[in-house]
Amino acid sequence: MSETVLYDYWRSTASYRVRIALNLANIDYRSVTVNLLEGEHREKTHLSRNPQGLVPVLEIDGIQLTQSLAIIEYLNETRDLHLLPASEKEKAKIRAMAYSIAMDLHPVCNLRVAKHAASASGDHIQIKDWMTHFIHQGLTEFEQIINGPDFCFGDKLSMVDLCIVPQIYNAMRWGIDLSKFQKIVSIYQNLADHPAFLAAHPEQSSDRPGS
(Lines give C-alpha, C1' and ligand atoms only; values in the text may rest on other atoms or scores of the structure.)
Protein backbone atom coordinates (compact mmCIF):
# COMPACT_ATOMS: atom_id res chain seq x y z
CA MET A 1 0.00 0.00 0.00
CA SER A 2 1.31 3.45 -0.91
CA GLU A 3 2.24 5.97 1.76
CA THR A 4 -0.51 8.28 2.94
CA VAL A 5 0.51 11.93 2.65
CA LEU A 6 -1.45 14.96 3.80
CA TYR A 7 -0.53 18.32 2.28
CA ASP A 8 -1.83 20.82 4.78
CA TYR A 9 -1.24 23.96 6.82
CA TRP A 10 -1.41 23.90 10.58
CA ARG A 11 -4.04 26.66 10.92
CA SER A 12 -6.22 25.57 8.00
CA THR A 13 -9.62 24.59 9.40
CA ALA A 14 -10.26 22.41 6.36
CA SER A 15 -7.02 20.52 7.00
CA TYR A 16 -7.91 20.31 10.70
CA ARG A 17 -11.13 18.44 9.78
CA VAL A 18 -9.21 15.92 7.72
CA ARG A 19 -6.57 15.37 10.41
CA ILE A 20 -9.38 14.45 12.82
CA ALA A 21 -10.81 11.95 10.33
CA LEU A 22 -7.40 10.39 9.68
CA ASN A 23 -6.90 10.01 13.42
CA LEU A 24 -10.34 8.43 13.85
CA ALA A 25 -9.38 5.94 11.14
CA ASN A 26 -6.04 5.22 12.85
CA ILE A 27 -4.23 5.98 9.61
CA ASP A 28 -0.54 6.77 9.85
CA TYR A 29 0.25 9.60 7.50
CA ARG A 30 3.07 11.94 6.63
CA SER A 31 2.28 15.63 6.88
CA VAL A 32 3.77 17.99 4.31
CA THR A 33 3.35 21.68 5.07
CA VAL A 34 2.08 24.02 2.38
CA ASN A 35 2.75 27.43 3.91
CA LEU A 36 -0.20 29.62 3.00
CA LEU A 37 1.33 32.78 4.42
CA GLU A 38 4.39 32.38 2.21
CA GLY A 39 2.29 31.62 -0.87
CA GLU A 40 3.41 28.02 -1.32
CA HIS A 41 -0.15 27.07 -2.28
CA ARG A 42 0.21 29.16 -5.46
CA GLU A 43 3.49 27.57 -6.51
CA LYS A 44 3.66 25.19 -9.47
CA THR A 45 4.40 22.16 -7.32
CA HIS A 46 1.23 22.49 -5.27
CA LEU A 47 -0.91 23.58 -8.21
CA SER A 48 -0.01 20.31 -9.88
CA ARG A 49 -1.68 18.57 -6.92
CA ASN A 50 -4.66 20.90 -6.75
CA PRO A 51 -5.22 23.51 -9.49
CA GLN A 52 -7.40 25.45 -7.02
CA GLY A 53 -4.31 26.10 -4.91
CA LEU A 54 -6.06 24.98 -1.75
CA VAL A 55 -5.30 22.66 1.14
CA PRO A 56 -5.77 19.94 2.13
CA VAL A 57 -4.70 17.45 -0.49
CA LEU A 58 -4.61 13.82 0.60
CA GLU A 59 -2.62 11.11 -1.16
CA ILE A 60 -4.10 7.78 -0.15
CA ASP A 61 -4.80 4.40 -1.74
CA GLY A 62 -2.92 5.46 -4.86
CA ILE A 63 -5.07 8.54 -5.55
CA GLN A 64 -5.06 12.26 -4.71
CA LEU A 65 -8.13 13.77 -3.10
CA THR A 66 -9.10 17.40 -2.50
CA GLN A 67 -11.96 19.14 -0.68
CA SER A 68 -12.14 18.30 3.01
CA LEU A 69 -15.69 16.95 3.13
CA ALA A 70 -15.13 14.76 0.06
CA ILE A 71 -12.02 13.40 1.77
CA ILE A 72 -13.90 12.78 5.01
CA GLU A 73 -16.69 10.96 3.17
CA TYR A 74 -14.11 8.82 1.36
CA LEU A 75 -12.48 7.88 4.66
CA ASN A 76 -15.89 7.26 6.19
CA GLU A 77 -16.87 4.87 3.39
CA THR A 78 -13.55 3.06 3.03
CA ARG A 79 -12.61 2.88 6.72
CA ASP A 80 -16.08 2.38 8.20
CA LEU A 81 -15.97 5.39 10.52
CA HIS A 82 -19.76 5.66 11.01
CA LEU A 83 -19.67 9.45 10.61
CA LEU A 84 -22.90 9.29 8.60
CA PRO A 85 -25.93 7.20 9.59
CA ALA A 86 -27.57 4.54 7.45
CA SER A 87 -30.81 6.52 7.27
CA GLU A 88 -30.85 8.65 4.12
CA LYS A 89 -33.05 11.23 5.87
CA GLU A 90 -30.64 11.63 8.80
CA LYS A 91 -27.67 11.54 6.43
CA ALA A 92 -29.13 14.49 4.52
CA LYS A 93 -29.65 16.43 7.77
CA ILE A 94 -26.06 15.83 8.90
CA ARG A 95 -24.70 16.87 5.52
CA ALA A 96 -26.77 20.06 5.64
CA MET A 97 -25.35 20.92 9.06
CA ALA A 98 -21.80 20.17 7.94
CA TYR A 99 -22.26 22.20 4.76
CA SER A 100 -23.54 25.18 6.77
CA ILE A 101 -20.09 25.38 8.35
CA ALA A 102 -17.83 24.15 5.56
CA MET A 103 -19.61 25.73 2.59
CA ASP A 104 -21.41 28.78 3.98
CA LEU A 105 -19.40 30.07 6.95
CA HIS A 106 -15.88 28.90 6.19
CA PRO A 107 -15.49 30.20 2.60
CA VAL A 108 -16.52 33.77 3.38
CA CYS A 109 -14.02 33.76 6.26
CA ASN A 110 -11.19 32.41 4.14
CA LEU A 111 -8.23 34.74 4.63
CA ARG A 112 -7.90 35.46 0.90
CA VAL A 113 -11.56 36.56 0.82
CA ALA A 114 -11.15 38.80 3.86
CA LYS A 115 -7.96 40.32 2.45
CA HIS A 116 -9.67 41.05 -0.87
CA ALA A 117 -12.61 42.68 0.91
CA ALA A 118 -10.25 44.89 2.90
CA SER A 119 -8.24 45.83 -0.19
CA ALA A 120 -11.30 46.48 -2.38
CA SER A 121 -12.79 48.73 0.30
CA GLY A 122 -9.64 50.81 0.51
CA ASP A 123 -9.13 49.36 3.99
CA HIS A 124 -12.44 50.76 5.24
CA ILE A 125 -13.21 47.14 6.07
CA GLN A 126 -10.80 45.68 8.60
CA ILE A 127 -10.03 41.97 8.36
CA LYS A 128 -10.81 41.39 12.04
CA ASP A 129 -14.18 43.13 11.72
CA TRP A 130 -15.00 41.03 8.65
CA MET A 131 -14.08 37.80 10.41
CA THR A 132 -15.93 38.56 13.64
CA HIS A 133 -19.08 39.66 11.81
CA PHE A 134 -19.44 36.54 9.67
CA ILE A 135 -18.24 34.04 12.27
CA HIS A 136 -20.61 35.42 14.90
CA GLN A 137 -23.49 35.39 12.42
CA GLY A 138 -22.72 31.84 11.29
CA LEU A 139 -22.44 30.49 14.82
CA THR A 140 -25.67 32.23 15.83
CA GLU A 141 -27.47 30.39 13.05
CA PHE A 142 -25.73 27.09 13.75
CA GLU A 143 -26.59 27.20 17.47
CA GLN A 144 -30.25 26.95 16.52
CA ILE A 145 -29.93 23.71 14.54
CA ILE A 146 -27.95 21.62 17.03
CA ASN A 147 -30.09 18.84 18.46
CA GLY A 148 -27.79 16.94 20.82
CA PRO A 149 -26.18 17.86 24.16
CA ASP A 150 -22.81 16.20 23.52
CA PHE A 151 -22.72 16.06 19.72
CA CYS A 152 -24.19 18.25 17.00
CA PHE A 153 -26.64 15.61 15.82
CA GLY A 154 -28.16 13.08 18.18
CA ASP A 155 -26.01 11.09 20.56
CA LYS A 156 -23.19 9.98 18.24
CA LEU A 157 -20.13 11.55 16.68
CA SER A 158 -20.80 12.55 13.08
CA MET A 159 -19.22 14.43 10.20
CA VAL A 160 -20.68 17.71 11.41
CA ASP A 161 -18.70 17.51 14.67
CA LEU A 162 -15.52 17.36 12.60
CA CYS A 163 -16.56 20.70 11.07
CA ILE A 164 -17.63 22.66 14.15
CA VAL A 165 -14.58 21.97 16.35
CA PRO A 166 -12.07 23.54 13.91
CA GLN A 167 -14.46 26.44 13.36
CA ILE A 168 -14.55 27.14 17.10
CA TYR A 169 -10.76 27.12 17.17
CA ASN A 170 -10.89 29.74 14.41
CA ALA A 171 -13.50 31.75 16.32
CA MET A 172 -11.29 31.83 19.39
CA ARG A 173 -8.35 32.96 17.25
CA TRP A 174 -10.36 36.04 16.25
CA GLY A 175 -11.55 36.74 19.79
CA ILE A 176 -15.22 35.88 19.24
CA ASP A 177 -17.32 36.00 22.42
CA LEU A 178 -18.71 32.47 22.67
CA SER A 179 -20.75 33.01 25.83
CA LYS A 180 -24.05 33.09 23.91
CA PHE A 181 -23.37 29.76 22.20
CA GLN A 182 -23.97 27.36 25.05
CA LYS A 183 -24.75 24.33 22.87
CA ILE A 184 -21.71 24.86 20.67
CA VAL A 185 -19.39 25.38 23.63
CA SER A 186 -20.76 22.26 25.35
CA ILE A 187 -20.01 20.16 22.27
CA TYR A 188 -16.56 21.70 21.88
CA GLN A 189 -15.74 20.92 25.50
CA ASN A 190 -17.07 17.38 25.14
CA LEU A 191 -14.74 16.71 22.21
CA ALA A 192 -11.69 18.73 23.32
CA ASP A 193 -10.03 15.77 25.03
CA HIS A 194 -11.04 13.13 22.48
CA PRO A 195 -7.72 11.59 21.33
CA ALA A 196 -8.45 12.02 17.61
CA PHE A 197 -9.42 15.67 18.05
CA LEU A 198 -6.62 16.43 20.48
CA ALA A 199 -3.93 15.00 18.20
CA ALA A 200 -5.31 17.01 15.25
CA HIS A 201 -5.29 20.34 17.11
CA PRO A 202 -3.17 23.01 15.39
CA GLU A 203 -1.20 23.61 18.56
CA GLN A 204 0.01 20.00 18.35
CA SER A 205 1.53 20.59 14.92
CA SER A 206 5.31 20.47 14.64
CA ASP A 207 5.02 22.97 11.78
CA ARG A 208 3.54 25.82 13.77
CA PRO A 209 5.90 28.73 14.54
CA GLY A 210 7.79 28.26 17.78
CA SER A 211 7.16 24.53 17.98
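Both backbone and side-chain heavy atoms feed into the values below; hydrogens, waters and symmetry mates do not.
- Pairing each heavy atom of Leu75 with each of Leu81, the nearest pair is O-CG, 3.8 Å.
- For Ser179, the side-chain hydrogen bond (donor to acceptor under 3.5 Å, both in side chains) criterion is met by Asp177, not counting sequence neighbours.
- Proximity of Pro56 to Thr66: side-chain heavy atoms (C-beta onward) are nowhere separated by under 4.5 Å.
- Within a 6.0 Å sphere centred on NZ of Lys183, other residues, nucleotides and ligands contribute more than 12 heavy atoms.
- Distance check: Leu105 CG to Asn110 CG gives 11.5 Å after rounding to the nearest 0.5 Å.
- Within the model, atoms CG of Leu84 and CZ of Arg95 stand 5.5 Å from one another, a figure rounded to the nearest 0.5 Å.
- Across all their heavy atoms, Cys163 and Pro166 have their closest contact at O-CD, 3.4 Å.
- Of the charged side-chain nitrogens involved, at least one lies within less than 4.0 Å of a carboxylate oxygen, so that Lys91 and Glu88 count as a salt-bridged pair.
- Checking Tyr74 against Asp61 by side-chain atom types alone, a donor-acceptor pair falls below 3.5 Å.
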Determine, step by step, whether Gln64 and Asn50 satisfy the side-chain contact (heavy atoms from CB on, under 4.5 Å) criterion, reporting the C-alpha distance in whole Å, the side-chain angles of both residues, the deciding distance to 0.1 Å, and the verdict. CA-CA 9 Å; Gln64 282 189 337; Asn50 183 359; over 6 Å; no
Do Tyr9 and Leu37 pass the side-chain contact (heavy atoms from CB on, under 4.5 Å) test, and can you show the C-alpha distance, the side-chain angles, and the key distance before you say yes or no? CA-CA 9 Å; Tyr9 182 64; Leu37 295 183; 3.5 Å; yes
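- Looking only at side-chain heavy atoms (C-beta outward), Ile72 and Gln67 stay at 4.5 Å or farther from each other.
- A donor-acceptor pair under 3.5 Å is absent between the side-chain atoms of Ser119 and the main chain of Lys115, judged by distance alone.
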Which atom pairs, donor and acceptor, lie under 3.5 Å between side-chain atoms of residues 150-158 and protein residues at least two apart or in another chain?
none

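- The two residues His201 and Arg19 have their closest heavy-atom pair at C-NH2, 4.3 Å.
- In this structure, Leu178 and Leu139 have side chains that are in contact, with non-hydrogen atoms separated by less than 4.5 Å.
- Distance check, rounded to the nearest 0.5 Å: NE2 of His116 to CD1 of Ile125 gives 10.0 Å.
- Residues satisfying the side-chain hydrogen bond (donor to acceptor under 3.5 Å, both in side chains) criterion with Arg112, sequence neighbours excluded, are absent altogether.
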Between Leu65 and Val57, is the side-chain contact (heavy atoms from CB on, under 4.5 Å) condition met? List the steps. CA-CA 6 Å; Leu65 299 173; Val57 176; over 6 Å; no
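- The closest side-chain heavy-atom distance from Arg30 to Thr4 is not below 4.5 Å.
- Between the CD1 atom in Ile127 and the SG atom in Cys109 there is a gap of 11.5 Å [rounded to 0.5 Å].
- Listed by chain and number, the residues in a side-chain hydrogen bond (donor to acceptor under 3.5 Å, both in side chains) with Thr33 are Asp207 (sequence neighbours excluded).
- Contact record, Tyr169 with Trp10: OH-CZ3, 4.0 Å, taken as the closest heavy-atom pair.
- Linking Ile, Leu, Val, Met, Phe, Trp and Tyr residues whenever their side-chain heavy atoms come within less than 4.5 Å leaves Tyr188 and Leu198 in two separate clusters.
- In this structure a side-chain-to-backbone donor-acceptor pair under 3.5 Å is present from Ser186 to Pro149.
- Side-chain atoms of Asp8 and Ser31, non-hydrogen and from C-beta on, do get closer than 4.5 Å to each other.
- Checking side-chain atoms of Asn76 against main-chain N and O of Leu83 turns up a donor-acceptor pair under 3.5 Å.
- Put simply, the side chain of Leu24 reaches to within 4.5 Å of the side chain of His194, judged on heavy atoms.
- When the side chains of ILVMFWY residues are joined at heavy-atom separations under 4.5 Å, either directly or via intervening members, Met172 and Phe142 end up in a single hydrophobic cluster.
- Under a hydrophobic clustering in which Ile, Leu, Val, Met, Phe, Trp and Tyr are joined whenever their side-chain heavy atoms come within less than 4.5 Å, directly or via other members, Ile71 and Leu54 fall into different clusters.
- Taking OG1 of Thr13 as the start and CZ of Arg173 as the end, the distance is 9.0 Å to the nearest 0.5 Å.
- By the ring-ring contact (aromatic ring centres under 6.0 Å, His included) test, Tyr29 is found to be paired with no residue, residues two or more places apart in sequence or in another chain being considered.
- Shown are Arg49, Lys44, Glu43; of these, the side-chain hydrogen bond (donor to acceptor under 3.5 Å, both in side chains) with His46 is made only by Arg49.
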Assess whether side-chain hydrogen bond (donor to acceptor under 3.5 Å, both in side chains) is satisfied between Glu59 and Tyr7, documenting all intermediate values. CA-CA 8 Å; Glu59 292 182 354; Tyr7 297 90; 3.3 Å; yes
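- For the pair Tyr16 and Asn170, the minimum side-chain heavy-atom distance is 4.5 Å or more.
- By the rule that hydrophobic residues join a cluster once side-chain heavy atoms approach within less than 4.5 Å of another member, Ile20 and Met103 end up as members of one cluster.
- Judged purely by atom type and a 3.5 angstrom limit, Ser100 uses its side chain to pair as donor or acceptor with the backbone of Met97.
- Taking each heavy atom of Ala14 and His106 in turn, the nearest pair found is CB-CE1, 3.9 Å.
- Put simply, the side chain of Lys93 does not reach to within 4.5 Å of the side chain of Ile145, judged on heavy atoms.
- Without hydrogens or angle criteria, Gln144 side chain to Thr140 main chain gives a donor-acceptor distance under 3.5 Å.
- The distance from the CD1 atom of Ile184 to the CD1 atom of Ile146 is 4.5 Å, given to the nearest 0.5 Å.
- Shown here for Thr132 and Trp174, the closest heavy-atom pair between the two residues is CG2-O, 3.6 Å.
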Under the side-chain contact (heavy atoms from CB on, under 4.5 Å) rule, what do Leu36 and Val55 come out as? Steps first, then yes or no, please. CA-CA 9 Å; Leu36 304 184; Val55 294; 4.2 Å; yes
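- The ring of Phe181 has its center closer than 6.0 angstrom to the ring center of His136.
- Within a 6.0 Å sphere centred on CD of Glu143, heavy atoms belonging to other residues, nucleotides or ligands number more than 12.
- The side-chain hydrogen bond (donor to acceptor under 3.5 Å, both in side chains) search around Gln137 returns none, not counting sequence neighbours.
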